[in-house]
2 protein chains.
Amino acid sequence: MLTPTQLCKCLGDDLRLSLVCLLHGQEEVCVCDLVDALEAPQSTVSRHLAQLRQCQLVVARRQGTWMHYRINPELPDWAQQTLASLVPPACQALSLTLPVSACCEN
Amino acid sequence: MLTPTQLCKCLGDDLRLSLVCLLHGQEEVCVCDLVDALEAPQSTVSRHLAQLRQCQLVVARRQGTWMHYRINPELPDWAQQTLASLVPPACQALSLTLPVSACCEN
DNA sequence: CTTTAATATCCGTATTTCCGAATATACGAA
DNA sequence: TTCGTATATTCGGAAATACGGATATTAAAG
């Protein structure tokens, strides 16, 4: 189960916080779009996504070869509220452009 | 200025999150009480407090040889809201007993 | 000035975290 | 099958972080 310390560890890294911000804005985003948006190596993005998955912060859905990620909709209330407080200022601080443009159909 | 990533880094450690929880409950707490409450070496507590101070998460007031810490009352709204969401579940997850009993007379 | 108490800082070591190229895996199409 | 695309995992090294005993600093008291 997700603890406050774990959540903060997850969010205490620019790249992971960026991922969470990008996902927070919309239903689902696929990995290739995240790689594009962050201009980071695919292995780096994938590794951080795995970490977020392990904490249950995000969930993944496979569709063919694509993986679609989204914020875990079953997050406890305190975690959802934390994200709600943190994401808007984080988007600004990290200069993220939302929403992510979709490169992969669907 | 405090960024969301920095705040999360600060809170992403059991001992620092415990400190923040203990402080969030009351006006001011002095270092000796924090050391008592956490049963951690004084140098460790002091080092983490320095880190929290550096991020402006807490402020200190000297009174004689004692130092009294409190949550920075001028924290931006998003940070205050984050603490409000995070502290209650953190207190529980970290099994913290509040309030801290005062060993040093004011 | 000396001593004592409270707190901060230093510093060497141990641990954790991060990185990204290389490689592996999963899947659809031919 | 075999190939190509999307994504995940591995792995060795670099960088950041945590630890706590020893020491320094600060201030009150004698």
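Since this is a predicted model, take the numbers as computed values, not measurements. We use all heavy atoms of the structure for the numbers below, so side chains are in, but hydrogens, waters and symmetry mates are not.
- Here the shortest heavy-atom pairing between B:Gln63 and B:His68 reads OE1-NE2, 3.1 Å.
- Listed pair B:Thr65 / D:dA28 fails the phosphate criterion, with no side-chain N or O lying under 4.0 Å from OP1 or OP2.
- Side-chain N/O atoms of A:His68 include none lying less than 4.0 angstrom from OP1 or OP2 on D:dT7.
- For D:dA6, its base never sits under 3.5 Å from the side chain of A:Gln42 at any donor and acceptor pair.
- Remark: A:Tyr69 is not in phosphate contact with D:dA6, judged by side-chain N or O atoms under 4.0 Å from OP1 or OP2.
- At least one side-chain nitrogen or oxygen of B:Thr44 sits closer than 4.0 Å to the OP1 or OP2 atom of D:dG20.
- Linking Ile, Leu, Val, Met, Phe, Trp and Tyr residues whenever their side-chain heavy atoms come within less than 4.5 Å leaves A:Leu83 and A:Val59 in two separate clusters.
- In this entry the distance linking CD of A:Gln6 with C1' of C:dT16 reads 15 Å, nearest Å.
- The shortest heavy-atom contact between A:Trp78 and A:Pro4 is CH2-N, 3.5 Å.
- When the side-chain nitrogen and oxygen atoms of A:Arg16 are compared with OP1 and OP2 of C:dC18, one or more of them lie within a distance under 4.0 Å.
- Atoms NZ (A:Lys9) and P (C:dT15) sit 16 Å apart, rounded to a whole Å.
- Between A:Arg47 atom CZ and C:dA22 atom P there is a gap of 15 Å when expressed in whole angstrom units.
- Checking the phosphate oxygens (OP1, OP2) of D:dC19, a side-chain nitrogen or oxygen of B:His48 falls inside 4.0 Å.
- Phosphate contact (OP1/OP2 of C:dA8, side-chain N/O of B:Ser46, threshold under 4.0 Å): present.
- Nucleotide C:dC19 holds its P atom 7 Å from the CG atom of A:Leu15, rounded to whole Å.
- Side-chain N/O atoms of A:Arg62 include none lying less than 4.0 angstrom from OP1 or OP2 on D:dA8.
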Quick one: side chains of residues 89-100 of chain A, donor-acceptor pairs under 3.5 Å with protein atoms, not counting sequence neighbours, listed by atom name and distance.
none

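- Under 4.0 angstrom from either OP1 or OP2 of D:dA18 there lies at least one side-chain N or O belonging to B:Gln51.
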